[in-house]
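Written out below as structure tokens is the structure these notes cover.
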Amino acid sequence: MTRFINKQSRKSGLPPGSIVYVGGKTQPTKLDYLRYDEDKLDVVDSSDLQNFQDVPTAVDWIHVQGLEDNKLITKMGEALQLHSLILEDIFNSNQRPKTEDMEDGLFVVLKYVTYDKTKQQINLEHLSLILKGNIVISFQNTHEPLFTEIKERILKANGRIRKMKADYLLYALCDWVIDNYFNVLEKLDDEIEELEQLLISDPQQETLQRIYKLKREIIVMRRAVWPMREAIAALNRTDNSVMSESVHIYIRDLYDHAIQVIDTMETFRDMISGMLDMYLTSISNKMNEVMKVLTIFAAIFIPLTFLAGVYGMNFEFIPELSFKWSYPIWWVITIIMGGGMLVLFKKRKWM
Amino acid sequence: MTRFINKQSRKSGLPPGSIVYVGGKTQPTKLDYLRYDEDKLDVVDSSDLQNFQDVPTAVDWIHVQGLEDNKLITKMGEALQLHSLILEDIFNSNQRPKTEDMEDGLFVVLKYVTYDKTKQQINLEHLSLILKGNIVISFQNTHEPLFTEIKERILKANGRIRKMKADYLLYALCDWVIDNYFNVLEKLDDEIEELEQLLISDPQQETLQRIYKLKREIIVMRRAVWPMREAIAALNRTDNSVMSESVHIYIRDLYDHAIQVIDTMETFRDMISGMLDMYLTSISNKMNEVMKVLTIFAAIFIPLTFLAGVYGMNFEFIPELSFKWSYPIWWVITIIMGGGMLVLFKKRKWM
Amino acid sequence: MTRFINKQSRKSGLPPGSIVYVGGKTQPTKLDYLRYDEDKLDVVDSSDLQNFQDVPTAVDWIHVQGLEDNKLITKMGEALQLHSLILEDIFNSNQRPKTEDMEDGLFVVLKYVTYDKTKQQINLEHLSLILKGNIVISFQNTHEPLFTEIKERILKANGRIRKMKADYLLYALCDWVIDNYFNVLEKLDDEIEELEQLLISDPQQETLQRIYKLKREIIVMRRAVWPMREAIAALNRTDNSVMSESVHIYIRDLYDHAIQVIDTMETFRDMISGMLDMYLTSISNKMNEVMKVLTIFAAIFIPLTFLAGVYGMNFEFIPELSFKWSYPIWWVITIIMGGGMLVLFKKRKWM
Amino acid sequence: MTRFINKQSRKSGLPPGSIVYVGGKTQPTKLDYLRYDEDKLDVVDSSDLQNFQDVPTAVDWIHVQGLEDNKLITKMGEALQLHSLILEDIFNSNQRPKTEDMEDGLFVVLKYVTYDKTKQQINLEHLSLILKGNIVISFQNTHEPLFTEIKERILKANGRIRKMKADYLLYALCDWVIDNYFNVLEKLDDEIEELEQLLISDPQQETLQRIYKLKREIIVMRRAVWPMREAIAALNRTDNSVMSESVHIYIRDLYDHAIQVIDTMETFRDMISGMLDMYLTSISNKMNEVMKVLTIFAAIFIPLTFLAGVYGMNFEFIPELSFKWSYPIWWVITIIMGGGMLVLFKKRKWM
Amino acid sequence: MTRFINKQSRKSGLPPGSIVYVGGKTQPTKLDYLRYDEDKLDVVDSSDLQNFQDVPTAVDWIHVQGLEDNKLITKMGEALQLHSLILEDIFNSNQRPKTEDMEDGLFVVLKYVTYDKTKQQINLEHLSLILKGNIVISFQNTHEPLFTEIKERILKANGRIRKMKADYLLYALCDWVIDNYFNVLEKLDDEIEELEQLLISDPQQETLQRIYKLKREIIVMRRAVWPMREAIAALNRTDNSVMSESVHIYIRDLYDHAIQVIDTMETFRDMISGMLDMYLTSISNKMNEVMKVLTIFAAIFIPLTFLAGVYGMNFEFIPELSFKWSYPIWWVITIIMGGGMLVLFKKRKWM
């Protein structure tokens, strides 16, 4: 199951702004550097930090995969004059989504979400986006390829992305992240539908565990989504000059989508808590059925067994024993008693 | 059961503003074009887009049934200079209700709701309304005939609709949509009353499933209604010049109705959660009854059966066996014991 | 049980502002028309609409009982130049409490509440109050006599009512309505106390149903009370000139009372949900007791019956059968086993 | 148990501002009248209303115990020119805590709380405080001696109270009331601790009733505390000139304490609802244990009793009966079956 | 278990601003006094209060361990001209976290949290921080060494702390406190994971008690954390001149961390309430299993035992007894009946 906190205890006590990589996996950090305008597209050599420069006429997009190389990223931070607290946030994968207004740029933290259906597990990936002048830098703490469709759109000059500035690129990256939430929500929707079917047809202990895990993962996801909404709202209301008026309408649309994600997620939460109630009530119902069967059997046969026991006694003087019709009469009484019970239970609607 | 999301995964990754029709059914798109003022009424030929023009003295209402014809609608959008994001919202049936202030017009998304009593299913239909100058365009993503009463009022010049401008038409369409919610709420009210009766007279497993489904459908409906309230509030506080002062009082009334819908729905939610509690408690109560019956039978007859078993033993030296009055004495003891139990249970109010 | 919606489906589709009487009973509409100032009191003939006029020096109070006479009330509306939407609200008994600021007057919708203890049912009566110049008109949709104490105070010139203007009359009517809520709350308080006593002494299935109904009726009542608070708050903050400064302090007091009603009602809700929990837990407790009794009987006598069964077998070679002391020894073993069980259950605190 | 409303139905229908004493006990109203400044202290004769006068250089504190003497208090009100609605609030013990800004003074309603541990009952006493010029008047509706420590501080000139003005006295009285809430909270804390211990060691039906009552009394207390917070906040933000700047810092501190009371109370609510859950779950757990014991006994001995019954049958031709080793073999089979069951139950962790 | 209130009843009734030490342990108060700037570091002799002076060029940090020495601390307060209410708050360990804006300084109350895993107990330690000119004074009410890492950073001139002013020191202390919350949250996270594993593999009564205690301790922790957020928000928005612009960005980061603490804690609360539901449902599930086993045994063997009892009767005329094939036929019937039951239960999925 997903843990709620990445271990960062070794950090506490360090001076604020200390850079501690809180992720886990180790692979060398990889940089992709694209420089483009409407007409031209360059793949810049990212090995030389000298190339990091703000070219007024073009958009620079540097995508950093993996945060293992502390030094490199720190140097990038220095080159771009980032505050040490911002560098800290880039490395701290426990950082909640947020938008920070830097004097001459914007810093956005988001979570990229994936859902592993077999393990029923939500994974959150820490993403940091920086917009400064005409440069956009995106950091991810793993090595999965992200933003592939956007790269493609830039390469193929699809849509309006090549015609727009760096602020639109920032928007496009955020939009990609949020669009992806809908994929996950759809998978969760499938899961919920499946569980609902199980709940109605044949609820099992294992169904309960799946519902519980789903609930748990939605709690995990909420932690990423709610602050994301606030982050995008902040992006929406910023009056930072790096964000041009023409992009604001897109940001508003983005905010709309974020709300929709939250909305759907909250609906799922409601659904799941309804499913848990339904499950609990189903079990009570079943137990009721079981108890009725037990009681019917016991109430019919226990008195009859007693009656049989009476005439199994070995007293020497039991007058009925020697009477000829005793046995058939006994059966008649027995059947009447048993039948009477049945009628009674029918009346009480226990059968 | 209603799914919470229409599949739109194929969309994610496309450039923002891409038009993807997310609905399902396929039938050709149909246009109804009415042009009217207080004295005159024309049915305009909608096959020629040249006819789409803002005539200052008349109101133009174009109603689009079905969104299958991407190209036609895109052309309409271009003719009216709509932003690509608005076109995207018209096609995206997952879009939540909202009001967007365009510079020279208003864009309203609503959900038309129907309730299928036999399937116990809420259906939401995606509606988009555009007010621009003297033109109102309404889009629905299915082919059911909507707004029939309004069409009739225009044709027959009933009420004040023919005397008013396009902003009143927009209001009238919204009002029609919300009035319809009351129809659905009434049906849900009937359903609740029926379930309450069942709950008191004879709660069954099937009753539980109906309550659960009702709860589920109300969750679905809430998703449409809450943002609708916000959308109408936005309509109410807009200072867009296309909305004249004289229509504002109607919008306020509309808002009042939206609140009433939400209010009633939340009451239903409360009712249903009360019904679930009641159901669960009823089951516990019933189980208690069953258990008491079982315990009474067991507590009375198990000791007596034991007593019968004692004298059914074949030991050679059991003095009581040969004593003459043993058998009647045994019966007396038995009856006293059984009767004592009964008295005890009466005292404990188990019977 | 109270329905949540009065049927108004026949209305939907009609032009907005259409007057549809949504109530049920039919009796002729009755008008009471009082004109008074500090010194004089007239009962005006209400049959002639010509008499409806704003006399600057006196207060006119017209009380309308029953809304059956559409035409009469519509004419009154025209005489007073009321907007058609306001007339619609007067007739629509589903309208929530609200205060509408008309340019030259105030329109207040309230609900008058009564509680029928035998049916355990809250009844809401639709009341509309209009203040325009020196005229106050009050509409009720039934024919029960309301406002009797106020009428009396006017007739007998009790208190300050005859010295004040029409705005004070409006306040007095609202105050009368809210004071009445306290009567109902007291009755509910009695009911709660009674149910609490039952819950502690002897909870029955019927107790549960009473709690459930009480909960339901409080849900009904909440629907009337919460918007009433907002309506009175609006009355409090209005800067409409028809409401004089000297009456504002009374309105603030009224608001205070409205808050108190809500407060008490929410406390009742808390109490009732606590009672339901208590009930459920009591049942579980009881079932536990029943189960213990069953288990004690079963655990003691089932093994002993087995032991009796053993020596009731007819094998030819059972050595114990012919041993002389077998029977008393058997009893000793039996009693020790049974007693041991009892001791065990005592230790486990099952007895 | 505490009732939520003092009967005031006889009031409804009376003109607003009518004085109705809603309390219960009857003892003559008692007045304490202190006049003090830094150097001097007089006990004023309160029997003569002529003495009620605002002496600019001294602080006057009149404490009224018991509200039985309507006329006296009404006269005081007239002497001080209080609005009739304020007099009404002084007498109405159902009035919620609040602060009213009079033009030339402040009117504060608070509730004094006591907790009777043996009856597990919260008692709320209605207190009204008036600050007007240099006069503070405090009204309590019972005859218990309140504010004794403050009286003492004034008499002995302890602390800064004698050096300060009437506004500080008002603060000191409020502070005394709120400090007292902490006493009650401590007692509730003890109660909670005790119940928690019981819950873990040996939960009984009676424990449940104590938890329920505690919950109930906290609901009662909340009704007094939440509006008190608002009342003190109003005191804090008032710009009424009777409240001097130097006292404002004390009021802020008072507000802080009010928040702390609410905070602790809400924590208690959380705790108690957790205890109810714990109780319910404990019962289910116990029932599970009981059921297991029953099932183990039944599952082991019922089949064996059947086996004994088989050879207790009197068929003439049962070959096993005459076989010599039948009886020991029967025992072997019996013991193996019983032991097998035990092993099975051990495996299932039922034992 | 942690108590919610430290006894402070002896305080109530004392004049406001009275200093009462509410803590428990007794050890002499200890002072650490550091004076530093970028170049120099002095350990000041704290025994002489004459040394308490605001040196414009250096930062003074006085850390007070233990609040036993009332007089000393009161003298310090006088030397620094602190309001008596602030001194009261320093001593009152029940005081909630808050930030108070003094005219010439800031007063911050925080809670330092520790978690004792073996006792499953959260401990809150009362901390007060004062920033006045270039002096920072920190008070803790116990004698555990706190702030060791910060002391070290000052001593070793690590990070930027020696280059910054007193406002940064205040921030650093707050940051240290909040960083420590993450340590505790991690431990709680471990605990939750452990309990989740237990819940799935083998839930026991003891598991329930651990969940309950965890819930309880999180309630305790919430009381410290929620107002802490508000305290830091106040620190963030203060325009007090002692807090320089350059430190504000750090405070914002601090606020971000506080939010993250709350966020995680609320997630834990959700998790735990989910675990309780899961536990309760698991028990119901288990009981269902137990009941099924019981019912299967009872339903199969009780009728068969009856059948055996029938032919154990001693009636003289039972024709079947002497029939040769009776016994095998009896077995056949018995086995068919038992087998039929088994098939039935299989069908009902009870096995």
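Residue numbering restarts at 1 for every chain, and letters A, B, ... go by the order of the sequence lines.
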Inset, instruction - With a 4.5 Å heavy-atom cut-off (strictly below), which parts of residues 310-318 of chain E touch chain D? List them by number. - result: E:Tyr311, E:Gly312, E:Met313, E:Asn314

Inset, instruction - Can you label the angle between the E:His83 ring and the D:Tyr250 ring as parallel, tilted or perpendicular, going by 30° and 60°? - result: perpendicular

Inset, instruction - First locate atom CD1 of E:Ile302, then atom CD1 of D:Ile302, and finally report the distance between them rounded to the nearest 0.5 Å. - result: 4.5 Å

Inset, instruction - Could you grab the distance from atom CG of E:Asn94 to atom CD of D:Gln260, nearest 0.5 Å is fine? - result: 6.0 Å

Inset, instruction - Examine whether an atom of E:Trp226 lies under 4.5 Å from a heavy atom of chain D, and if so say whether it belongs to the side chain, the backbone or both; otherwise answer neither. - result: neither

Inset, instruction - Please look at E:Glu100 and chain D and tell me whether the side chain, the backbone, both or neither of the residue comes under 4.5 angstrom of a heavy atom of that chain. - result: side chain

Legend entry - Within-4.5 Å side-chain heavy-atom neighbours: E:Tyr212 and D:Asp277: no

Legend entry - Candidate list E:Arg223, E:Arg269, E:Arg216, test side chain to side chain donor-acceptor pair (under 3.5 Å), partner D:Asp270, passing option: E:Arg269

Inset, instruction - Output the distance between atom CE (D:Met278) and atom CG (E:Leu208), rounded to the nearest 0.5 Å. - result: 4.5 Å

Legend entry - Residue among E:Asp89, E:Ile211, E:Leu276, E:Thr305 with most heavy-atom pairs under 4.5 Å to chain D: E:Thr305

Inset, instruction - Among the options D:Pro319, D:Ser282, D:Gly274, D:Pro303, pick out the one with the most heavy-atom pairs lying under 4.5 Å from chain E. - result: D:Pro303

Legend entry - Pick from E:Lys324, E:Arg222, E:Lys98 with the largest number of heavy-atom pairs that fall under 4.5 Å of chain D: E:Lys324

Legend entry - Salt bridge flag under 4.0 Å for residues E:Arg96 and D:Asp263: yes

Legend entry - Nearest atoms (heavy-atom pairs only) where E:Glu88 meets D:His257: OE2-CE1, 4.3 Å

Legend entry - Region of E:Trp325 that comes under 4.5 Å of a non-hydrogen atom in chain D: neither

Inset, instruction - Can you see which heavy atom on E:Leu280 is nearest to which on D:Ser284, and at what distance? - result: CD1-OG, 3.9 Å

Legend entry - Atom group of D:Leu254 that falls short of 4.5 Å from chain E, counting heavy atoms: neither

Without placing hydrogens or testing angles, list every side-chain donor-acceptor pair under 3.5 Å for residues 285-300 of chain E, not counting sequence neighbours.
residue  : atom : partner  : partner atom : Å
E:Asn285 : ND2  : A:Gln205 : OE1          : 2.4
E:Asn285 : ND2  : A:Tyr279 : OH           : 2.8
E:Thr295 : OG1  : E:Met291 : O            : 2.8

Legend entry - Between D:Ile249, D:Asn158, D:Ile161, the one whose heavy-atom pairs under 4.5 Å with chain E are most numerous: D:Ile249

